[in-house]
Amino acid sequence: MRYHSTRDRSVSVSSAQAITQGISKEGGLFVPESIPPLTKEELAALVDQPYVQRAAAVLSKYLTDFTPQEVQECAALAYTKERFRSPEIAPLRSLEDGVEILELWHGPTCAFKDMALQILPHLMRVSAGKTAGGKTIIILVATSGDTGKAALEGFRDAPNTRILVFYPQDGVSPMQKLQMTTQEGENVAVCAIRGNFDDAQSGVKEIFTDPEVAARLEKNGMMFSSANSINWGRLVPQIVYYVSAYCDLLKKGSVTMGEPINVVVPTGNFGNILAAYYAREMGLPIAKLICASNENRVLTDFIETGVYDRNRAFHTTTSPSMDILISSNLERLLYALSGQDDEEIRRLMESLKTEGRYTVSDTMHEQIRRLFAAGSCDDRRTAQTIREVYEKFGYLLDTHTAVAAAVYKDYRRTTGDATPTVIVSTANPYKFSSAVLAAVSGPSDAGEFEKVDLLHQATGCEVPAPLADLRGKAPRFTQVCNRADMRQAVYDLLHINA
């Protein structure tokens, strides 16, 4: 299996090179040359297997320059009972007849990013051993909240690796900020920026593709890679949990082999739902991919109209991990639907950069509408959904999962589609205790951990230890910079000003 760049199809690298490098030199994203099939027989063989075996089976189809033993070892080291609080790793919870919640937040940072970022350091280690030539790998991350902590935890004290995380100063929840700024480890650094996630993400991409920065790192025996979902090594493990969810549906008798399901995904950067698209292309019987947006409904508008336009007001919402106007992973979908037309992708991405918008062809938009449905949900409706679901089912949603639940309710009402459905749950509700508490029992002026206590008293839902243990911890990292100063911040954090 070789990997091409979305902006230069002549680029051809191995999976280890794609993972180590993170992003192509001209700014394109690495994608597999083809999507490997997953047959019904292979799927059936995984039904009674644990998550580790399901992961190894899927990953081995994409990481063909890894030995089977290397893939197995990476999966076994990542998905352990010491790291994940659920033995199923990504369990399904029945909400109502025909609707299941896929809980992806039982890892060490209580968010779905752990599903990929617990295995990525092991994939990176193996990849670097094949391609990096002894260089220190510098993991550069932009985060809207969850990726940062999950990456910091995953790469903490990893050998021959350092990790730098940038987050929007006022664009994450108090719990997310505390998770990042108190991070332990000798090879970690965190910096806030004055701006939003798109500023952080654009700044990181520019640093990645800056020849001057690359030369300075080379001089100091270093090279960049990424833990954001622009890195294929971050995205490919996310395919696994969709395959695993279908196996669990089969095991429970909720569907029969080959019976289609719908998948509802709350997403801002498009990576989580793109992984479901890849699973579908492998042969997983997904009928409709339902894209759920918050008030920053740039993806919803794009799916409905074929026009991607970031020239709009930016909203800071109670679902901050989706407060994004530039969805990086959409580029991979466009490349696939264009027939791997790198010239067309360069045109679209240049239009986004210079004009802030692009329009896809009618043919491509028809394909998107066939595959995807979309909807959005504002903060008022998010709170209403949290309250209604808790009162009706006794199940507590976080703000992002509530967006997905609200969008699904609208979709089912307008279409009448009763296909068995999986709603992806991306975070533990205590990561957003202020908004969830306000939804369940009204707003409070209490401090962050007092709100955690109040939410626990109101619902009886268990407070996960990784969040409870943050109480009283003092921040290690307090640096703040402007977007224009991110490159210098990287030099300062790495101590390579020459």
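Values below: all heavy atoms of this structure, side chains included; hydrogens, waters and symmetry mates excluded.
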Summary of salt bridge (charged side-chain N to carboxylate O under 4.0 Å, His left out) pairs that have at least one residue in [range], sequence neighbours excluded:
range            : value
residues 414-434 : D146-K431
residues 322-335 : R7-E331
residues 8-33    : none
residues 198-213 : E206-R483, D210-R487, E212-R487

Listed partners of [X] passing ring pair (Phe, Tyr, Trp, His ring centres under 6.0 Å), at least two apart:
X    : value
Y79  : Y51, F84
F224 : F208
W105 : none

Mind checking side-chain hydrogen bond (donor to acceptor under 3.5 Å, both in side chains) for [X] and listing every partner two or more places apart, or none if nothing turns up?
X    : result
S229 : N329
D398 : H400, T401
R54  : S244, D248
T300 : S293

Where at least one partner belongs to residues 271-301, residue pairs that pass ring pair (Phe, Tyr, Trp, His ring centres under 6.0 Å), sequence neighbours excluded: W232-Y278
